[in-house]
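For reference, positions follow the sequence shown, starting with 1. As the structure lists them, so they are numbered: ligands from 1, and atoms in each ligand from 1.
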Amino acid sequence: MAREIVKPLWTLFSAIFLIYLVNGAAQPQVPCYFIFGDSLSDSGNNNGLFTVAKANFRPYGIDFPRGPTGRFSNGRNLVDAVAELLGLGSYIPPFATARGKEILKGVNYASGSAGIRNETGRQVTLYNFGARKIVLFGLGAIGSAPSEVAACGTKGSSCVAYINSAVQIFNGRLKSLVQELNSNLRNAKFIYIDYYGIGSSYALSRGSLITNVSCCGVKDGLNTCIPFQIPCRNRTRFMFWDGIHPTEATNVFIAARAYKAEFLTDAFPYDIHSLAQLS
Ligand SMILES: *[C@@H]1O[C@H](CO)[C@@H](O)[C@H](O)[C@H]1NC(C)=O
Ligand SMILES: *[C@@H]1O[C@H](CO)[C@@H](O)[C@H](O)[C@H]1NC(C)=O
Ligand SMILES: *[C@@H]1O[C@H](CO)[C@@H](O)[C@H](O)[C@H]1NC(C)=O
């Protein structure tokens, strides 16, 4: 039962949109960064909400300077790492607390457990509001997350593979959508990041990386950390922090490859760095 409640958490589409309005001359490579997504990008929007999708308690944030903030990780999440690479100087504030002039540099609207709604038509809406540089992150190998490995249980690898094949169908269509939007919307620059492929290559590149078990102890069925329980000591040895969310080390690795592609397949048609440079 409890599993059903949090299903949206990991079935979600983790999308991040980068919006470029004017050409800033200063150090930051873009003048602003607006973020839309789920718990993988949330930086505190759920703290005051009545929901089970919360991360504003220890051990979340154990490696984050400000401690638990509502980020679903031990430290920085993916969009924090992207903001650093873009030279933005500070993380994008969550919608829940963003005030005054700070919103001109961007707002993080990501909310844990968010879903895709039929009526949203999100990418086109953003375009209509003036967004021209938009990054879409594909889904990761959800079937291989500790929560799903545990849920698959004795059904094992065929169950994991079944979920991952659904993810790949979704990602293939998302990539096609990027191509379609680039041809149909004037001056639109959409890019697709192969989160699945980059994540898999992270798992393969670190021989001793533990990928099938989470670093923190997780609540049965919920897959978020058990509050105040001591997590694993060496977070960099783990791909996943809790049952569904990556550790900071994983996030930093994926952000680096999204920003500067190592393989042609990492980003389509080009990476975030190239996108930021375009006029
Ligand atoms: C969303 O759209 C699909 C396909 O048109 C439809 O089957 C489904 O009922 C819709 N869901 C909602 C919540 O409107
Ligand atoms: C995780 O992987 C290790 C090494 O392959 C294996 O020994 C262990 O049984 C797996 N644990 C779970 C919970 O699947
Ligand atoms: C933590 O794990 C990483 C990766 O396996 C390893 O390189 C490092 O030496 C470990 N650190 C400690 C303090 O054990």
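- Listed by atom number, the atoms of ligand 3 under 4.0 Å from Ser208 heavy atoms are 5 (O).
- Near Thr236, the atoms of ligand 3 lying under 4.0 angstrom from a non-hydrogen atom of the residue are 1 (C), 2 (O), 3 (C).
- Ligand 3 has no nitrogen or oxygen under 3.5 angstrom from a nitrogen or oxygen of Arg237.
- Of all non-hydrogen atoms in Ser144 and Val160, the two that sit nearest each other are OG-CG1, 3.8 Å.
- For Asp271 and Lys260, the salt-bridge test fails: no basic side-chain N is under 4.0 Å from an acidic carboxylate O.
- In summary, the aromatic rings of Tyr192 and Phe268 are positioned with their centroids too far apart to meet the 6.0 Å limit.
- Taking all atoms of both residues into account, the shortest heavy-atom contact from Thr236 to Leu209 is O-CD1, 3.6 Å.
- Phe95 is linked by a ring pair (Phe, Tyr, Trp, His ring centres under 6.0 Å) to Tyr109, counting only residues two or more places apart in sequence or in another chain.
- We find that Arg71 and Asp80 are joined by a salt bridge, their nearest charged nitrogen and carboxylate oxygen being less than 4.0 Å apart.
- Salt bridge status for Arg235 with Asp63: present, with a side-chain N to carboxylate O gap under 4.0 Å.
- Each of Val149, Asn212 has a non-hydrogen atom positioned under 4.0 Å from some atom of ligand 2.
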